[in-house]
*Asks:* 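Here it is, the structure in full.
Proteins come first, then strands; the chains are lettered A, B, ... in the order of their sequence lines, and each starts at number 1. Just so you know, these numbers use all the heavy atoms, side chains as well, and skip hydrogens, waters and symmetry mates.
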Amino acid sequence: MTNTDTAMLAASIQPPAQKKGFNFGAFWDSWGIASVLVVLVIVAVILEPDFLSIGNVQSILRESAYLGIVACAMTFAIMNGTFDLSVGGQLALVSVVTLFAYGVGGTPLALAAAIGTGIACGLVNGALVTALRVPPFVATLGMLFVFRGIAYVLTQNGPAVLPYSEVKSPFAQIGSLNVAGIPLTFIIMVIVFGVGYVVLRRTGTGRKVIAFGSSPLAAKFSGISAAKIRLFVFVILGLSVGIATLTYITRVWTADGSAQDGFELRVITAAVLGGASLQGGKGSLVGTFSAVLLVSVLNDLLVSMGVGASYQRIILGCVLIVALAIDGLRTKFPGSSALRKALSFRNKRMATAG
Amino acid sequence: LTGCSTGDAPAGGDGETKTDITVGFSVYDMQYEFFQEMEAGTKAAVEANGWDYVLHDEKSDENEMVTGAQALLDQGVDVLIISPFKPDALGPIIAKAQELGVPVIVDDIGGGGTPYDAIVVSDNKDGGVQAADFIDAQVKELGLASKKVVSITCEPSAVYAAQRNIGFVEQIESLGYEVVTELSGNSKAEEAYTIMKDALAKDPDIAGVFACNDPMAVAAANAITDAGKNPTKDIVTVGYNGDGEALTAIDADGLSATVAQDPKGMGTLTVELAKKLLDKEDIEFGNADEREVYQPVTLITKANVADFLK
Amino acid sequence: MTDHAALLEVTALTVEFPGVKALDSVGFDVRPGEVHALVGENGAGKSTLLKVLGGVYQPTSGSITLAGKPYSPSKPHDAIAAGIAVIYQEFTLFPDLTVAENVFAGREPHGRFSRGIQYKQMREECNRVFKLLDFDVDPDTRLGDLSVSEQQLVEIAKALSVDGRVIVMDEPTAALSQSEVERLLDIVKRLRDEGRSVIYVSHHLEEVFAVADRATVLRDGTHVATLDIADTDQDQLVKLMVGRDVKSVFDRDKSSFGEVVLTVDGLTSGRSLRGVSLDVRAGEVLGIGGVAGAGQTELTQAIFGALAIRGGTMTLDGEPFAPTTPAQAIARGVGFLHDDRKTSGIFPHLSVAHNLTATILEKIRGWGGLLSHSREQDAYNGYRDRLRIKASSSNQLISQLSGGNQQKVLLGRALAPGGKLLVLNEPTRGVDIGAKAEIHQLVNELTASGVAVLMVSSDLPELLGMSDRIVVLSQGAVVGRLSGEDRTEENVIACATTDRRIGVTA
Amino acid sequence: MTALAPTKKKTSISFVQEALRGLPLAIPLALVVIGLAIGAPGFLSPTNLENVLFAASVLVIPGLAMTLCITMGEFDLSIGSTVALTGAVACTAIASGMGTGVGLILALLVGAIVGLLNGLIITKLGVTPFIATLATLVIVRGVAQAFTNGRDVIVSDPILKYFASGRPLGIPFPILLAIVALIFMLWLTYRTRFGRWVAAIGSNRDAARLSGLPVDRIRILVYVIIGIAGALWGIMISAQLQKGSGQLGVGFELDAITIVVIGGTSLLGGRASVVGTVLGALLIETISNGLNLLNVPPAYQRISIGILLVGALAIQAIRRKVPVEALDDKH
Ligand SMILES: Nc1ncnc2c1ncn2[C@@H]1O[C@H](COP(=O)(O)OP(=O)(O)OP(=O)(O)O)[C@@H](O)[C@H]1O
Ligand SMILES: Nc1ncnc2c1ncn2[C@@H]1O[C@H](COP(=O)(O)OP(=O)(O)OP(=O)(O)O)[C@@H](O)[C@H]1O
Ligand SMILES: [Mg+2]
Ligand SMILES: [Mg+2]
């Protein structure tokens, strides 16, 4: 209940703004992270002239895909006021099952297994949340353990692998093929975001996802079924993991229960960095898309500059803070911060009389 | 990109080397002392040859491993040395290396049936066997009555560590012991501590402990101490790796033994093999089928720890 | 204007929002011991002005003095410290805390050594203030469990318990029923007699004439006039506010009703409903009255399928009607307006258009089943014109609208399914006098076209003027059924608050 | 007034009721304990029960601090990294001969500074807590690694060891600390202005500002408290292991948050369940101890923990017939 109060007041208590014409706030809402990305790319090109080499760009785009695809669905979830901590476990499990399926039935079965297992994972989460009323945080945290555990059980006799002999198979190509110089995995990610955008902004279901996240109670009185919409969100999360797995496993070729430890946090980070609010109701697929690339570009830049892992972390953390501080300073509650006033995007304070 | 691969004729048969050779080394994770040593050995050997050296840190992430190693190949390295986080993820890397004609030498752990040119391994299974033999001898010497032992393993996904455990369990059981607790501490000291305490609560009369790495062994020893026992006299505690903390502990009677690998030596060895490959010389494999070159492991105990402490 | 020394003086105050000038060089002053009313249409800038006084917004330009000294609060705390207590239009309450904790938020008395909060003292002080308000609630109740009007009383108690020099009230009576309003007005007079100043915002002009000494009229963010109440009358004030004449249209044509649309028989549900029976006919407005917390809201929710029913049956258009979710009720064409606009009405992150179409997403589908922007726009434009919604565009966030305009958007949402039954809970809460008349007009049009309306209203004149029959609830049971000549203020109050029963057997 | 009895069932909350909010968790906990008493040999041995309490206690202290943060409607993800950094700082100071006391004080100070940084980034820069503390998680871990240069700092210090194996009054020191922390938190959360303000901010942050509460100061203070709790946690872990290391404490933040959420503190803020947090820690540690005693392989341990977690919450939800609108986490 309070999330709507707070969100609403936060929205209604936006500081009085300033100049007509260029509206920084509106611009930043839709293009903020994208512009940080552009700045970072320019910095990268200056620091590392090789940055724009075809091979490097392809590499960045190719490796972003699996994270991006799940982050797209996670944006739905966060806008809906929930999140899924089990996506890392899902990715591990779906990867293992997919590789086994490939061993049994080749590419077609592998594709079907990835999508099918992904959706099944999503259904399990959805059922726990809607039918058993387990809070999403605990339900998906519990299922993170369970999915990983199952993946471990399945790989007790060694990890699932794509054998080297299959290097030329169509399945393995998903991860390495370039179409007109663009990595296939990236194309898949762009398609996922495109479809995601249409579903979120142009369908009734998408509208209900956002509306419910904005105010669960208002949604209830508008006839939006909490259970249905939550189920939908968890199922598309599962589906996205299924698709992401195809772009992931065909690049890495192996999986077991430990695959992509900490994935959930990276996915949520991308969505939040992209502008999604964990309070629900707010988010942007353009932002998430840019955030995914932002993190990849930054990582690539730091690696190619030979920055040590510990300093990579420090820099990555600082960039996260800076990227969000720009927005934070803009929308923060008025008053109380000297720094904010110094950097103020607002007009001068009231002229004190006398 | 593919300009500088292995095709050049050797400039001279002896140590005088070409200066335009670049060696790429993709390391498992530079957070760990073990790999820091391995990297130091590799780097020193590369530079001794007068070659260029590029390092990539996989940071314990299979995705980073594939992306980064492929990036090294894209940059045009002449040899790729890799200590893989996930040996089975070598496939796409080797595939690209083969496309570009770059030789690949794997360090430490391999498998997955990929056609790399050579692999340097320390004999993990044998290390486990040595640990078992030592525990048995020590138990007899101390006159412990119990035949119960504990094995604390690394994360289930760590292939190399699984070999240590297999060697240990097979050998210790053949010596008439019972493994009463066999749990994963996920390579983390803090988890090993709890596991050891719980194991002692269940079986207070444990005779020996083998942990798959030294941090876990030292943590287990601490748990034993906190439970009011002595980790060298009441229980025989053995670790694996030969990390500094284990050596210090052995010296201070806080740990019975550790099975030491020689990461620095492994690093040096990979570069020697690289030179041979570039010079088109033959490599002497310890196991030619698997293209394995062995790096022996040594058991460090109170008796010989002084030799290893710097 | 006068020779009185002003306690609070506002000069040339301007506040701009992106695309809107909410206040444009507004000036007025408040004298010590004066009740100063601030009136104007929805969106005129009243709340914005008060928020500046409260330190919530900083103005673009202009100045304020308090007791002759410059006053420029940069945060709400500054206002409180300066002795200005504000009751905001949107509640500033904490649902998870107790009533007492809410009243004392930020000012809890605590032990000197233990630092522990002194709950006993808080409870006593609460009870003291509640007594003034004739408000009977346990200070240890969780605030979130109170009904809207009960929460409003807590909000008022919160401001009264501060020893403020200036007390600012933004639509304090919007959620109150008649008897509570009278209580409040007594208290306002008492505050004035104690020498404090009160700034009073209300859309109920009767209240303004009952308590205010002067009134300032705002229109579209500009200052129109400041008048002595004694020198003016309601019509003049309305004309200044709206710029035209507004006639209260309580002239319903109550002659012919159609078939029974909804019957409710022995409805028992939730926390408080006990065997409520009623029916509504096509073309009829059935009013529901009662004091705060009597169960009106629960009744509307039960009919709408939003509250589990423990007993009783309903029919709609002669067919059995037992919705277990609002979706089922909407599917049968029931339109619904909730009295809790803030938490159960608006979608704060969505635009006005998206808010309006939330219940008719199926109807605005176009090519390929996708939502059609043009249809959505058409739907919005229709209701915007019909309800005179004032928004900068269909894309504006609803949370940026004035309260009254938000209400109109929600009313549009309730009308959109276009069915035979409309359940309206406080349809004109927070709506300005012009808009109110328009909403009444609209209800008349709807009933004329055969829609049945069930209307809860705590605004007694509205309840009497708009309802063809009135059902009065008390503690979840029907205690009065008033029709024809019986529909008088006295009867409603008597049924709601005493043992008197009219038209009810047993 | 009428013959009909009033039906108003408003929940008036007394201190005791509020303090015992998490108590229903005792049901699944009791079920697990009974199951293990029957099925796991040695579970009821005093040593083992002490082990469970010991492990739970170590988790309880940061868990209680995290309860405050979550009550405020926010998270702190950086605590695991704080554990690593503060442990490393304490051990480095001790190893370099500065004395145990100085080492401990430095560790607590570093913890407080991390908390202060979190608080400032969140309040003054307006970065959402999730990203801010995620960023400090990454940064502080990086600093810890750079600080230790990737090498463990080994110490052998009896005073430090006291935090792991000291037994004042015959009670293991961490258990004693946890009891003190519990009593302190009960008082702080339900009896002081600070505690009520934290709940108020979690309940409705903007209302808190409009009511004149020093919102930013309270938020900063809460993060500082978590930083200090993280330092205590780091000290306790380093005491157990007699070392500091940049690798310690990975994933601890989730452990702390998990017990809070299982304990019934709403992620949306406003409602603290202090006792629930303690029961949550007991539940988690009992389960994992039982699985260790049963020598359950790691793969099945994960599955069991997951199912038990979900099961424990499902039992509560079903028992209370949580309505559909409660899908938003307010339970
Ligand atoms: N946060 C905001 N952002 C943009 N515009 C705003 C914001 N808050 C208010 N406005 C606009 O400022 C104008 C004045 O609004 P205000 O809330 O002061 O009206 P009001 O007189 O209190 O109306 P009501 O009687 O409906 O409460 C309106 O046009 C409104 O849309
Ligand atoms: N969640 C809740 N828990 C306990 N009691 C509640 C809860 N919600 C409402 N109530 C109580 O139920 C009674 C009926 O509530 P309802 O909302 O129907 O009142 P109402 O007659 O509509 O009042 P108002 O005029 O304020 O809207 C009130 O006394 C209210 O305090
Ligand atoms: Mg207003
Ligand atoms: Mg009501």
*Asks:* Could you check A:Phe145 against D:Ile303 for side chain to side chain contact (heavy atoms under 4.5 Å, CB included), going step by step and ending with a plain yes or no?
*Replies:* CA-CA 6 Å; A:Phe145 289 113; D:Ile303 299 182; over 6 Å; no
*Asks:* Indicate the atoms forming the closest heavy-atom contact of D:Ile257 with A:Phe137, along with that distance.
*Replies:*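 Scanning both residues completely, I find the closest heavy atoms to be CG2-CZ, 3.2 Å.
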*Asks:* Heavy-atom distance under 4.5 Å to chain D: side chain of A:Ile321, backbone, both or neither?
*Replies:*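 Answer is both: backbone and side chain atoms of A:Ile321 are under 4.5 Å from chain D.
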*Asks:* Rounded to the nearest 0.5 Å, what separation is found between the OG1 atom of A:Thr269 and the CD1 atom of D:Ile131?
*Replies:*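 Spacing of OG1 (A:Thr269) from CD1 (D:Ile131) equals 5.0 Å.
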*Asks:* To the nearest 0.5 Å, tell me how far A:Glu264 CD sits from D:Leu254 CG.
*Replies:*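 Spacing of CD (A:Glu264) from CG (D:Leu254) equals 7.5 Å.
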*Asks:* D:Val310 and side chain to side chain contact (heavy atoms under 4.5 Å, CB included): which single residue from A:Val146, A:Asn125, A:Leu128 fits?
*Replies:*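 It is A:Leu128, the one option of A:Val146, A:Asn125, A:Leu128 that forms the side chain to side chain contact (heavy atoms under 4.5 Å, CB included) with D:Val310.
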*Asks:* Rounded to the nearest 0.5 Å, how far apart are OH of A:Tyr311 and CD1 of D:Ile139?
*Replies:*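 The OH atom of A:Tyr311 sits 13.5 Å away from the CD1 atom of D:Ile139.
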*Asks:* Can you tell which of D:Thr136, D:Thr258, D:Ile305 has the highest number of heavy-atom pairs within less than 4.5 Å of chain A?
*Replies:*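 Heavy-atom pairs under 4.5 Å are most numerous for D:Thr258.
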*Asks:* Under a 4.5 Å heavy-atom cut-off, does chain A meet the side chain of D:Ile307, its backbone, both or neither?
*Replies:*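 Both parts, heavy atoms under 4.5 Å.
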*Asks:* Checking D:Ser81 now: which residues fulfil side-chain contact (heavy atoms from CB on, under 4.5 Å) with it, not counting sequence neighbours?
*Replies:*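 Testing D:Ser81 for side-chain contact (heavy atoms from CB on, under 4.5 Å), a comparison that skips the adjacent residues, returns D:Leu137, D:Val140, D:Arg141.
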*Asks:* Of all of A:Val319, A:Val138, A:Leu278, A:Leu154, which one pairs up most often with chain D through heavy atoms under 4.5 Å apart?
*Replies:*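 Looking at each of A:Val319, A:Val138, A:Leu278, A:Leu154 in turn, A:Val138 comes out on top.
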*Asks:* Are A:Ile268 and D:Phe130 close enough that some pair of their side-chain heavy atoms sits under 4.5 Å apart?
*Replies:*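 They are in side-chain contact.
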*Asks:* Run the salt bridge (charged side-chain N to carboxylate O under 4.0 Å, His left out) test against D:Glu74 and tell me which residues pass, sequence neighbours left out.
*Replies:*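 D:Glu74: salt bridge (charged side-chain N to carboxylate O under 4.0 Å, His left out) contacts with D:Arg205, D:Arg219.
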*Asks:* So do the side chains of A:Ile314 and D:Val143 get within less than 4.5 Å of each other, counting heavy atoms only?
*Replies:*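 Yes, close enough: below the 4.5 Å cut-off.
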*Asks:* Contact part of A:Thr82 toward chain D, heavy-atom cut-off under 4.5 Å: side chain, backbone, both or neither?
*Replies:*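 Neither the backbone nor the side chain of A:Thr82 comes within 4.5 Å of chain D.
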*Asks:* Can you tell me which portion of A:Gln156 sits under 4.5 Å from chain D's heavy atoms? Options are side chain, backbone, both or neither.
*Replies:*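 Side chain of A:Gln156 only, per the 4.5 Å heavy-atom cut-off to chain D.
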*Asks:* If you look at every heavy atom in D:Ala135 and A:Gly317, which pair is closest and at what distance?
*Replies:*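 Scanning both residues, the minimum pair turns out to be CB-O, 3.3 Å.
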*Asks:* Can you tell me which portion of A:Ile150 sits under 4.5 Å from chain D's heavy atoms? Options are side chain, backbone, both or neither.
*Replies:*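 A:Ile150 touches chain D through backbone and side-chain heavy atoms alike.
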